[in-house]
Structure formats: structure tokens, C-alpha cells
Amino acid sequence: MTVPNAWDVNVPGFVTLRGVKEHFKVDKSCRKGRTFSDFTEHLKDNPDVFPVQIDTVEGIKGGPVLLTVHFLDTSFMLAFLRGANTARSVSDVFDGLYSLLGIESFKLLFPVILTDNGSEFSAPMALEKDAGGIRRCRVFYCDPSSPFQKGAIENNHELIRRIIPKGKSFGGLSQPQIQLMMDHINSYNRKWSRLLLQSCSYFCYSQIFPLIFYYRIASHI
């Protein structure tokens, strides 16, 4: 089992800017069994599951975008540069994470994913199952026009916009530069007091993330 630290995702060649146009047709049935109501019921039945929120941050229309991945229990967020806002580019990121982490670690970190109704997220099977058809996570969707249902990641995007203002192109940026930005954002001290820490204190999330990962592993041994 691979145990990552806050910087393990910065692997050369892990994320590439495809920039390849795809003729992508939205799967209108993708929400079946994956609605926000289904999500809340799933959490009721699985109270020990920690959901992960994912979203897209756009630069200029038609240009490179970011895939953001937000861990609710720590407010730790990753961001991956993508050459085009396509379903294929999203699945490529998760396939890369799956390859890097292995099935056990991946399932511990990404048991449940909540996202919006953007076309780039409308191929849930590509995220839920690996190339061999083995289930690796569950994907659910917010209700239409309801960004507040994944408000945590929306709020964290404000920190990205402090560094890269809305409307500014991501062209010319590299994944290491995006990773450096996220290192700074994740090092921002904010109040956190959930799993292991019973008193209110201030912690650096880049330190908390591996701690939580170890906690999840221990709870499954």
C-alpha cells in the first residue's frame, strides 16, 4: 500500500495537457442512482465514509482548466492542469491517481465523489471503475443549479482566485507551478477539529493530510 504525503501527486508526466478536441456527448442517464438525494442516503448508510468534492476552475473559454479535488474532512485540496475541459481529461487524472496509489489507497482516499452536472463529469463509469471493471469509488451529482451543495470546494476556489484572477488564462502555466500554488493554499492555517483532534486549534493542512490518511488506514486494519 502506498502512503502519500502532500506532494506525492507532483510526478513528472503524471498529468499532461492533451489539448485534443473530443466530440463528447453528454450521458443523460448518468444521474440515475447518483442524485444528491442518493448521495445523502449513501452517507446515512455509510457514516464512516468521507466524501471528496471535485470541480472545474476555468481560465479563459476554450483554454486549459483546473480539476480541483477537495477532501472535506481536512479541507485539503489538489488541483490538476488539463488542456481541455473534457470527460477524458478528468478520467485521465483519476486513472493517474489510481496507478500511483494502487486500489487500496485509492479507495480509502476516494470512496465517494460529489460533483456538479458539467459535461466533463458526465462519464461516471470511467471514474467509478478501473480498466478491468473493478469498482474503485462512487460518484454522485449535486442538484442542477445548486453549487451550495458542494460549498466547501466553491469556497476554497476563492483562494485560487486570489492568485489567478477570474478570466486569466492558465496557458503557459505548468503542473509544478499549479502544485506550488496549492502547496501555499494548503499551508494556510485554518481552524480544524474533526477526527483526531478534539480541541479547537490551528493546523497546517499539508501536515494534516498524511495524518488523516494514516488514520483511515489504521481504522481498516
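Below, each value reflects all heavy atoms present in this structure, side chains not excepted, and no hydrogens, waters or symmetry copies.
- Residue Ile103 holds its CD1 atom at 5.0 Å from CD1 of Ile134, rounded to the nearest 0.5 Å.
- Leu127 and Ser91 make their closest contact through CD2-CA, 3.8 Å (heavy atoms, listed as atom of the first residue, atom of the second, distance).
- A 4.5 Å side-chain heavy-atom check between Ile160 and Met181 finds at least one atom pair inside the cut-off.
- Two residues are said to be in side-chain contact when any heavy atoms from C-beta on lie closer than 4.5 Å; Phe106 and Phe94 meet this criterion.
- Not counting sequence neighbours, Asp130 has no partner by the salt bridge (Lys or Arg N to Asp or Glu O under 4.0 Å) test.
- Other residues, nucleotides and ligands contribute at most 12 non-hydrogen atoms within 6.0 Å of the CD atom of Glu58.
- Within the 4.5 Å cutoff, the side chain of Pro51 has heavy atoms near those of the Phe39 side chain.
- Shown here are the side-chain hydrogen bond (donor to acceptor under 3.5 Å, both in side chains) partners of Arg136, two or more places apart in sequence or in another chain: Asp95.
- Residues Phe121 and Tyr141 have side chains in contact (heavy-atom distance under 4.5 Å, counting atoms from C-beta outward).
- A salt bridge between Lys44 and Glu41 is present, with a side-chain N of the basic residue lying under 4.0 Å from a carboxylate O of the acidic one.
- Annotation: side-chain contact (heavy atoms from CB on, under 4.5 Å) contacts of Leu180 (sequence neighbours excluded): His184.
- How far CG of Asp116 is from CD of Gln53: 10.5 Å, rounded to the nearest 0.5 Å.
- Here the closest non-hydrogen pair linking Ala87 and Ala123 is CB-CB, 4.1 Å.
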Donor-acceptor contacts, no H, no angles, side chain residues 162-174, under 3.5 Å, sequence neighbours left out:
from: Ser169; atom 1: OG; to: Gly171; atom 2: N; distance (Å): 2.9
from: Ser174; atom 1: OG; to: Gln177; atom 2: N; distance (Å): 3.4
from: Ser174; atom 1: OG; to: Gln177; atom 2: OE1; distance (Å): 3.4

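- Side-chain contact check for Leu81 versus Leu66: some heavy-atom pair is nearer than 4.5 Å.
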- request: Decide side-chain contact (heavy atoms from CB on, under 4.5 Å) for His157 and Met77; before the verdict, give the C-alpha distance in whole Å, the side-chain angles of both, and the deciding distance to 0.1 Å.
  value: CA-CA 9 Å; His157 285 171; Met77 189 163 69; 4.2 Å; yes
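- Under a 3.5 Å cut-off, the side chain of Ser99 and the backbone N or O of Leu97 do not form any donor-acceptor pair.
- Clustering ILVMFWY residues whenever any of their side-chain heavy atoms sit less than 4.5 angstrom apart, transitively, puts Val93 in a cluster other than the one holding Met125.
- By the 4.5 Å heavy-atom criterion applied to side chains, Thr56 and Arg82 are counted as neighbours.
- Shown here for Cys142 and Lys150, the closest heavy-atom pair between the two residues is SG-CG, 3.8 Å.
- The structure places CZ of Phe110 at 14.5 Å from CD of Glu128, a figure rounded to the nearest 0.5 Å.
- The shortest heavy-atom contact between Ala84 and Ser89 is O-OG, 3.0 Å.
- Taking 4.5 Å as the limit, every side-chain heavy atom of Thr68 sits out of range of all side-chain heavy atoms of Asn156.
- Annotation: salt bridge (Lys or Arg N to Asp or Glu O under 4.0 Å) contacts of Lys61 (sequence neighbours excluded): none.
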message: One pair to check against side-chain contact (heavy atoms from CB on, under 4.5 Å): Asp143 and Arg31. What are the steps and the verdict?
response: CA-CA 10 Å; Asp143 293 327; Arg31 286 175 49 82; 4.1 Å; yes
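- Taken to the nearest 0.5 Å, the CG atom of Leu72 stands 10.5 Å off from the CZ atom of Phe50.
- Rounding to the nearest 0.5 angstrom, the gap separating the CG atom in Leu114 from the CZ atom in Phe36 is 6.0 Å.
- We find the CD-CG distance between Glu104 and Leu108 to be 7.5 Å, quoted to the nearest 0.5 Å.
- By the side-chain hydrogen bond (donor to acceptor under 3.5 Å, both in side chains) test, Asp38 is found to be paired with Thr35, residues two or more places apart in sequence or in another chain being considered.
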task: For Asp92 and Arg88, run side-chain contact (heavy atoms from CB on, under 4.5 Å): C-alpha distance rounded to whole Å, both residues' side-chain angles, the deciding distance at 0.1 Å, then the answer.
output: CA-CA 6 Å; Asp92 280 349; Arg88 174 62 182 274; 3.1 Å; yes
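- Remark: the backbone N or O of Gly102 is not paired with any side-chain donor or acceptor of Ser105 at under 3.5 angstrom.
- Between Thr40 and Phe140, the closest side-chain pair of non-hydrogen atoms is not below 4.5 Å.
- For the residue pair Ser75 and Asn186, the shortest heavy atom distance occurs at O-OD1, 4.2 Å.
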